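What follows is a set of notes on a single structure, which appears directly below.
Every chain is numbered from 1, with letters handed out A, B, ... down the list of sequences. In this text the structure is predicted, and so the values were computed from the model without any measurement. What you see below is based on every heavy atom in this structure, not just the backbone, and it leaves out hydrogens, waters and symmetry mates.
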2 protein chains.
Amino acid sequence: MDQLITGEFQANGEAYEPKTLVDGAYRQLRRDIIEGRHAPGAKLRVEHLKDAYEVGAGTLREALALLVSDSLVVAQGQRGFRVAPISLADLEDITRTRVMLESEALRQSIGNGDEAWEGNLVSAFHLLTRAEEKLAGDLDGSVNEWEDRNRVFHETLIGACNSRWIRHFLAILYRQSERYRRISVLNRPVPQDVHEEHEQIFKAAIARDVDEACRLLSGHIWRAFHTVSAVPEFAQESAIRQVANGR
Amino acid sequence: MDQLITGEFQANGEAYEPKTLVDGAYRQLRRDIIEGRHAPGAKLRVEHLKDAYEVGAGTLREALALLVSDSLVVAQGQRGFRVAPISLADLEDITRTRVMLESEALRQSIGNGDEAWEGNLVSAFHLLTRAEEKLAGDLDGSVNEWEDRNRVFHETLIGACNSRWIRHFLAILYRQSERYRRISVLNRPVPQDVHEEHEQIFKAAIARDVDEACRLLSGHIWRAFHTVSAVPEFAQESAIRQVANGR
DNA sequence: TCAACGTTTTTTCTCGAGATTTTTGGCTTT
DNA sequence: AAAGCCAAAAATCTCGAGAAAAAACGTTGA
């Protein structure tokens, strides 16, 4: 089967080799937005960015167009591009929708998953556990590794869900959630509670306890929302609106 | 608030004026794919299309990039663009996901909807009824009108749902469904049954009967799936694969 | 007859310059 | 002093040509 260029995450941990300059700029730009290097609401000037990413103006425009449909960038006709704004209401919407979709996906995945899926899940959980140990041990630079492995763990959980569309939508929502998390949590999150939650979800999934797994996963996702919403920066919506308007 | 260029449908029936050439080409191309003028799996050659749509090559590439994230076009690195392939399994996936999201959206919409929403719904249902009468009366050229008003009716139904993300995903899925419908149903569908279903859904929504409305809506969407899957062209998956591979 | 190789042709991808539109700044007027 | 208007400047949007890659084709050899 043909491989989509601008598709989902890849499940394995190997480095992705961009096949084209547009694709490379798209991924680099997406990462910079998710990790907060481009602030929400900030203007994205083509003339300025084409030098930073070392591509032509047309190429960068095409990469920006791809980001528009991921809702990470908004286009204002004849007035250029901006980083998508953020708000607590938006994060709540993202969270609610994600809980609904991820519960359904997990339900299907546990129902369909074979032994190979179990194996992948054991592996993903193990790698995540190791990353969480490093995170607790104050090793710098392990945040990115944790983010990667956390993403892979969640992807593997729903990996046996045979609905491409649900997985596609969840990938979009996951990126949005990650952006909020990385913007708000500048220092590392509390890893101990999160690790326990991951372990409980993992065990319930392996035990094929659908209802319990969904219940735990929903709680896990909502807890992340409440963690972010407790950050002072987000607690007051007025500050957000200021950022969202980009002025 | 700023208006997004590449956003959702507009609820009213007025003509949309594209603010930029990219946006115009994007909408025109999207319509041509949905209405089947570009066959599934067909190659989209930039050199050939830029003349047809009367824009530059770079502009057309940008429009194609926008369509990639709608999953109406797939990009194969260094090998150009193709119209997204179709398959019965994909339609089933679309339908299942759509039923889940649209039920939730309708549930919220009926819960939140005020009198203004009721008014919009009455209006949309009335216009749809008129279009269905014309369709039964064998007036040519009324298929596009029916499609427009059918879309507006479904949009209005879930219009009071306050989740932007659910509405966004539903807009994508609706376009996909419309493509399958228009590819398979070259002659008009049976309007009588469909009209009765619309009327029942409409009445249940106005009566604020959430469970009944969701039940009817789900049946309505699934019935459309079965209608398409009964078409000989779709009944045999082998023919589909041939089209999907585009060779 | 079939397979493999090298050349030709087609198509895609990329870049920089020109035309439009928006924004900014200063000036005049009330 | 505040509001409105005109001009300069910045940024965006668009286009066509050149470079790179992939596909098609014919040829050669076993």
Side-chain angles (χ1 to χ4, degrees), chain A residues 1-7 16-30 33 38-39 41-69 72-84 245-247, chain B residues 1-7 16-30 33 38-39 41-69 72-84 245-247:
Chain A
M1 188 196 290
D2 291 321
Q3 182 184 359
L4 266 62
I5 291 303
T6 55
Y16 176 83
E17 193 66 29
K19 290 283 184 296
T20 180
L21 285 187
V22 170
D23 196 45
Y26 164 69
R27 302 206 168 239
Q28 210 173 334
L29 202 40
R30 186 176 74 185
I33 291 174
H38 295 297
K43 206 146 188 346
L44 294 168
R45 289 190 207 78
V46 176
E47 286 297 315
H48 195 256
L49 266 61
K50 68 167 191 163
D51 301 328
Y53 292 93
E54 296 179 330
V55 292
T59 305
L60 192 74
R61 280 187 66 79
E62 207 173 315
L64 286 169
L66 286 171
L67 285 163
V68 167
S69 40
L72 286 170
V73 165
V74 292
Q76 309 162 283
Q78 305 281 36
R79 284 194 291 173
F81 299 90
R82 297 183 97 93
V83 180
N245 290 334
R247 298 184 178 182
Chain B
M1 186 196 291
D2 291 323
Q3 182 183 357
L4 266 62
I5 290 302
T6 56
Y16 176 84
E17 194 66 28
K19 290 284 182 298
T20 180
L21 285 188
V22 170
D23 195 45
Y26 164 70
R27 303 211 166 234
Q28 211 172 334
L29 202 40
R30 186 176 75 183
I33 291 173
H38 296 296
K43 205 147 191 347
L44 293 168
R45 289 189 208 80
V46 176
E47 285 298 314
H48 195 253
L49 265 61
K50 69 166 189 162
D51 301 328
Y53 291 92
E54 296 178 332
V55 293
T59 306
L60 193 72
R61 282 187 65 80
E62 207 173 313
L64 285 170
L66 285 171
L67 285 163
V68 166
S69 42
L72 286 170
V73 165
V74 292
Q76 310 163 284
Q78 304 282 32
R79 284 194 290 173
F81 298 90
R82 283 181 177 278
V83 180
N245 290 334
R247 299 188 177 177

Pairs touching residues 43-54 of chain B that satisfy salt bridge (charged side-chain N to carboxylate O under 4.0 Å, His left out), sequence neighbours left out: none
field: Residues B:F81, B:V68; criterion side chain to side chain contact (heavy atoms under 4.5 Å, CB included); working and verdict
entry: CA-CA 9 Å; B:F81 298 90; B:V68 166; 4.2 Å; yes
message: At a heavy-atom distance below 4.0 Å, which nucleotide of DNA chain C is the first touched by chain A, and which is the last?
response: C:dC13 to C:dT23
query: Over how many whole Å does the gap from B:E47 atom CD to D:dA19 atom P extend?
result: 16 Å
query: What distance separates B:L49 CG from B:Q28 CD, expressed to the nearest 0.5 Å?
result: 10.0 Å
query: Roughly how far, to the nearest 0.5 Å, is the CZ atom of B:R79 from the OG1 atom of A:T20?
result: 13.5 Å
message: Can you measure A:Q76 atom CD to D:dT12 atom C1' for me and round it to whole angstrom units?
response: 12 Å
statement: So, with a heavy-atom separation below 4.0 Å from DNA chain C, the residues of residues 51-62 of chain B are B:R61
Within-4.5 Å side-chain heavy-atom neighbours: B:L44 and B:L67: no
message: Within this structure, what is the NE2-CG distance for the pair A:H48 and A:L60, rounded to the nearest 0.5 Å?
response: 12.0 Å
statement: In short, salt bridge (charged side-chain N to carboxylate O under 4.0 Å, His left out) pairs touching residues 58-69 of chain B with sequence neighbours left out are A:R61-B:E62, A:E62-B:R61
message: Run the side chain to side chain contact (heavy atoms under 4.5 Å, CB included) test on A:V73 and A:L29 for me, step by step, so that the C-alpha distance in whole Å, both residues' side-chain angles and the decisive distance to 0.1 Å come before the verdict.
response: CA-CA 10 Å; A:V73 165; A:L29 202 40; over 6 Å; no
- request: Just jot down the side chain to side chain contact (heavy atoms under 4.5 Å, CB included) partners of B:A52, sequence neighbours excluded, or say none.
  value: none
query: For A:L44 and D:dA11, what is the distance between atoms CG and P respectively, to the nearest whole Å?
result: 14 Å
- prompt: Across the strands shown, which category fits B:K43 at heavy-atom distances under 4.0 angstrom: base, sugar-phosphate, nothing?
  reply: sugar-phosphate
Below 3.5 Å between N/O atoms, which protein atoms pair up with nucleotides 20-25 of chain D? Just atom names and distances, please.
from	atom 1	to	atom 2	distance (Å)
D:dA23	OP1	B:R79	NH1	3.4

Give me the distances for all protein-to-nucleotides 6-8 of chain D N/O pairs that come in under 3.5 Å?
none

